[in-house]
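First listed ligand is number 1; within each ligand, the first listed atom is number 1. The basis for the numbers below is simple: all heavy atoms, side chains too, and nothing from hydrogens, waters or symmetry mates.
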Amino acid sequence: MSYLKETEGSGSFVVKVFPNEESVAQAAAEIFIEQFKKAMICSNKFSVVLSGGHTPAKTYELLAKEPFTSQVNWRHVNVFWGDERCVPNTDWRSNYKMAFETLLSHVSIPTRQIHSIPLSNEPHKAAVEYENILREYFGKTMPLFDLVFLGLGNDGHTASLFPNSTSLNEKVRWTTYLKNSGEDFSRITLTPQILNRTKMAIFLVTGQDKAEILKKVLADGNPSETFPARLIRPIKGELVWLVDSAAYLQ
Ligand code: 6PG
């Protein structure tokens, strides 16, 4: 997919600017295919962390259709989530629900390979359960995902890593939980150190309402608890921002 502009960040990320959200989704789907093919060469299995929110929906819908869907042997795909809201998976706010409706219900990923974040009225238990799911999948080694999708909130959050939250400094546990003021549900999230254990991380950011925060986040590469999205620096891979021109007013 052609893009309008590519800039090197502080040497550790690339920003690709596209005309609109449709072309961002197309580019993201193409990268998914590329990463899947690389994984099949290396290990014959592919682990992807899905983002919640609205932005990735178009990408997931594209992956469920031709020409993309037949390029993936979905039986080799393992799906995880970067974060989840502690709501029923039929609730409109559920990240699982969005992924199920746009992608997972349309492709043949074995159910045992859809590693959704356990839901519980006790978020501390759900966080531990999710870490155990990750440990079971990755065995004795630390996680290393093939691809992580992320979004950017208007306050600079990503996944459920919010500005100046204690989760940002979690270095032992792989998952944590929180409750945002103003939300009537708790959240479970992967920690920054685990989100960074990936061969590639992709931020999907579109729309004029993200322009101000995107400019602040990209302003410099210094990690910042004010802008948790800046904490995403894949340890063994690439960080790519796929944005549309409405969001990229640098
Ligand atoms: C969540 C998401 C969150 C999201 C951003 C952007 O569960 O809230 O994981 O991190 O990616 O808030 O959301 P939009 O794509 O809807 O703008």
Under a 4.5 Å cut-off applied to non-hydrogen side-chain atoms, are [X] and [Y] in contact?
X	Y	value
Val148	Met200	no
Val107	Leu63	no
Leu119	Asn89	yes
Gln35	Phe46	yes

Need the ligand 1 atom indices (1-based, order shown) with element for anything under 4.0 Å from a heavy-atom of [X].
X	result
Ala159	2 (C), 3 (C), 9 (O), 10 (O)
Asp83	1 (C), 2 (C), 7 (O), 9 (O)
Gly151	11 (O)
Arg85	1 (C), 7 (O), 8 (O)
Lys210	6 (C), 14 (P), 17 (O)

message: Apply side chain to side chain donor-acceptor pair (under 3.5 Å) to residues Asp83 and Thr189 and explain how you reach the verdict.
response: CA-CA 4 Å; Asp83 70 320; Thr189 188; 5.3 Å; no

- request: Examine ligand 1 and decide if any of its atoms is less than 4.0 Å from a heavy atom belonging to Gly82.
  value: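 Outside the 4.0 Å threshold, so no.
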
- prompt: Arg187 near ligand 1, heavy-atom distance under 4.0 Å?
  reply: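 Yes, that is the case, since the closest heavy atom of the residue is under 4.0 Å from the ligand.
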
Closest protein heavy atom to [atom], given as residue, atom name and distance to 0.1 Å:
atom	answer
atom 15 (O) of ligand 1	Thr55 OG1, 2.6 Å
atom 16 (O) of ligand 1	His54 N, 2.7 Å
atom 13 (O) of ligand 1	Gly53 CA, 3.8 Å

message: Taking distance alone, with N or O pairs closer than 3.5 Å, would you say Ser160 contacts ligand 1?
response: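 The answer is no, given that Ser160 and ligand 1 share no N or O pair closer than 3.5 Å.
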
If we set the cut-off at 4.0 Å for heavy atoms, which region of [X] has an atom near ligand 1: side chain, backbone, both, or neither?
X	result
His157	side chain
Asn95	side chain
Leu152	backbone

query: Does a side chain donor of either Trp81 or Ser51 reach within less than 3.5 Å of an acceptor in the other side chain?
result: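 No, no side-chain donor-acceptor contact under 3.5 Å.
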
- request: Ignoring hydrogens and angles, state whether a donor on the side chain of Glu66 or Ser70 is under 3.5 Å from an acceptor on the partner side chain.
  value: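 Judged by distance alone, the side chains do pair up.
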
- prompt: Taking His157 as the fixed residue, which of Phe227, Phe203, Phe162 is the one that meets the ring-ring contact (aromatic ring centres under 6.0 Å, His included) rule?
  reply: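 For His157, the ring-ring contact (aromatic ring centres under 6.0 Å, His included) test succeeds with only one of Phe227, Phe203, Phe162, which is Phe162.
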
message: Go through it in stages, so that I can follow the logic: the residues are Trp74 and Phe32, the test is ring-ring contact (aromatic ring centres under 6.0 Å, His included), and I'd like the CA-CA distance, side-chain angles, deciding distance and then a yes or no.
response: CA-CA 12 Å; Trp74 296 97; Phe32 183 103; 5.8 Å; yes

